[in-house]
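Quick notes on the structure that follows.
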Number of protein chains: 2
Amino acid sequence: MQETDIIDLMMHHGVKPTANRILIANAFVKEHRPLSMSEIEVQLESVDKSVISRTLSLFRERHLVHILPDGGDGVRYELCHRCSDDHDDDAHIHFYCSRCGKTFCLEDIPIPEVTLPQGYQEESVNYMVTGLCPDCR
Amino acid sequence: MQETDIIDLMMHHGVKPTANRILIANAFVKEHRPLSMSEIEVQLESVDKSVISRTLSLFRERHLVHILPDGGDGVRYELCHRCSDDHDDDAHIHFYCSRCGKTFCLEDIPIPEVTLPQGYQEESVNYMVTGLCPDCR
DNA sequence: ACCCTCATGCAACTCAGTTGCAAAAGTGTT
DNA sequence: AACACTTTTGCAACTGAGTTGCATGAGGGT
């Protein structure tokens with residue numbers, strides 16, 4: 001994905017593409033995996049954490065990213081290419097490496113579906129495998 | 001599960017069953033679902049949060065509970081009946097209600113397995129469905 | 001009763017994340 | 001270009017969950 005594409009994506013979601021926002025969105029493209037706020041903070045020293053916090057909230061509100069539970073604690077943010085304005089979906093499984101703490105998208109592996117008991121109404125599904133990633137084995 | 005069983009379980013895992021610890025373990029039995037630290041704090045006003053924190057760490061260390069990512073943020077602790085001393089497993093799916101914030105065990109639904117790409121080494125799996133629980137629909 | 005170890009309760013601390021606010025950067029109008 | 005207006009930014013202060021330090025207290029063994 002090019003920088004121009006990111007700007008298009010932002011505009012399309014009603015987000016004004018400021019310099020900081022482009023940096024943050026680029027971080028997702030570059031790493032190609034879900035990032036935590038602190039990971040972004042480390043990667044973009046020049047950007048204040050308050051800006052990161054507010055930007056991620058805005059991105060989320062406008063469905064540019066969605067959140068998923070971190071393998072450890074806290075949450076991670078994932079850029080969604082296929083999210084429409086009112087619906088987040090991009091249902092692949094994730095892998096959390098317990099050594100390096102990174103979360104990877106296994107985009108080729110769709111989440112196997114299950115049938116819920118009567119009364120439960122599904123909104124979204126998260127399938128997370130924890131273990132060692134190729135680099136940490 | 002009876003209180004005597006809980007005490008047995010603790011002893012079996014090398015945890016001295018003090019009054020506070022029994023209260024905390026009982027909370028899990030009573031609710032029959034994974035609890036967050038703050039949920040326990042609310043339920044057991046008489047027990048200091050430092051005690052809860054240290055107790056949960058101890059329980060975890062001794063494999064009496066294991067953690068799972070909260071549907072929201074943070075983590076929840078789940079009493080494991082079938083965990084041996086060196087291995088936590090109890091692989092059923094969980095349901096997180098986005099309205100009431102509770103997490104439920106769907107014990108009858110095993111987690112469907114997937115084949116990971118070369119190089120990834122699995123340690124544990126978490127399958128979490130988010131949506132509305134029967135009470136909140 | 002004594003000693004020793006472990007558990008407890010309170011207060012102080014830590015750290016991630018959020019919020020308040022004034023300065024700065026954009027945007028549009030005349 | 002100057003103006004008024006809106007949005008974003010950067011800093012500092014705040015917040016709240018969770019943890020840690022430490023003195024007291026309870027339990028267990030001799």
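Not measured: the values here are computed from a predicted model. In what follows, every heavy atom counts, from backbone to side chain, and hydrogens, waters and symmetry copies are set aside. Each chain gets a letter, A, B and so on, in the order the sequences are listed, and its residues count up from 1.
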Task: Five-pair end axes of the helix from C/dA1-D/dT30 to C/dT30-D/dA1 and the angle they enclose, rounded to 10° - done: 20°
- [ ] Check each residue of residues 22-31 of chain A for a non-hydrogen atom within less than 4.0 Å of any atom in DNA chain D, then write out the ones that pass by number, or none.
- [x] none
TODO: Please collect all side chain to side chain donor-acceptor pair (under 3.5 Å) contacts where either partner lies in residues 109-119 of chain A, sequence neighbours excluded, each pair once.
DONE: none
Task: For A/Arg137, side chain to side chain donor-acceptor pair (under 3.5 Å) partners two or more places apart - done: B/Gln121
Task: A/Ser57: side chain to side chain donor-acceptor pair (under 3.5 Å) partners, not counting sequence neighbours - done: none
TODO: For nucleotides 14-29 of chain C, just jot down a letter per nucleotide in 5' to 3' order: B, S or -, based on protein non-hydrogen atoms under 4.0 Å.
DONE: ---BBBBB--------
Task: Flag, side chain of A/Ser53 to backbone of A/Lys49, donor-acceptor distance under 3.5 Å - done: no
Open item on the list: Restricting to side chain to side chain donor-acceptor pair (under 3.5 Å), what partner residues turn up for A/Asp48, sequence neighbours left out?
Closed with: A/Ser50
TODO: Using the test ring pair (Phe, Tyr, Trp, His ring centres under 6.0 Å), find all partners of A/Phe95 that sit at least two apart in sequence or belong to another chain.
DONE: B/Tyr120
TODO: Please tell me which of the listed nucleotides, C/dG9, D/dG10, C/dA7, lies nearest to the side chain of A/Val51?
DONE: D/dG10
Open item on the list: Checking A/Glu78 against A/His66: is there a side-chain donor and acceptor pair closer than 3.5 Å?
Closed with: yes
- [ ] Give me the other members of the hydrophobic cluster that B/Leu68 sits in, counting Ile, Leu, Val, Met, Phe, Trp and Tyr linked by side-chain heavy atoms under 4.5 Å, directly or via other members.
- [x] B/Tyr96, B/Met128
TODO: Any pair with a residue in residues 35-45 of chain B that passes salt bridge (charged side-chain N to carboxylate O under 4.0 Å, His left out), sequence neighbours left out, goes on the list, sorted by first then second residue, please.
DONE: B/Arg33-B/Glu39, B/Glu39-B/Arg76
Task: Rounded interatomic separation in angstrom, taking CG from B/Leu58 and P from D/dG18 - done: 18 Å
Task: Test side chain to side chain donor-acceptor pair (under 3.5 Å) applied to B/Glu122 - qualifying residues, sequence neighbours left out - done: none
- [ ] Would you mind reading off the distance between B/Ile40 atom CD1 and D/dT19 atom C1', rounded to a whole angstrom?
- [x] 16 Å
Task: Value in whole Å for how far the C1' atom of D/dT9 lies from CG of A/Leu56 - done: 15 Å
- [ ] Check the distance between D/dA17's P and B/Ile52's CD1 and give it to me in whole angstrom.
- [x] 13 Å
Task: Rounded distance (Å) that lies between atom C1' of D/dT15 and atom CG of B/Asp73 - done: 14 Å
Open item on the list: Tell me every residue that passes ring pair (Phe, Tyr, Trp, His ring centres under 6.0 Å) with A/Tyr77, counting only those two or more places apart in sequence or in another chain.
Closed with: none
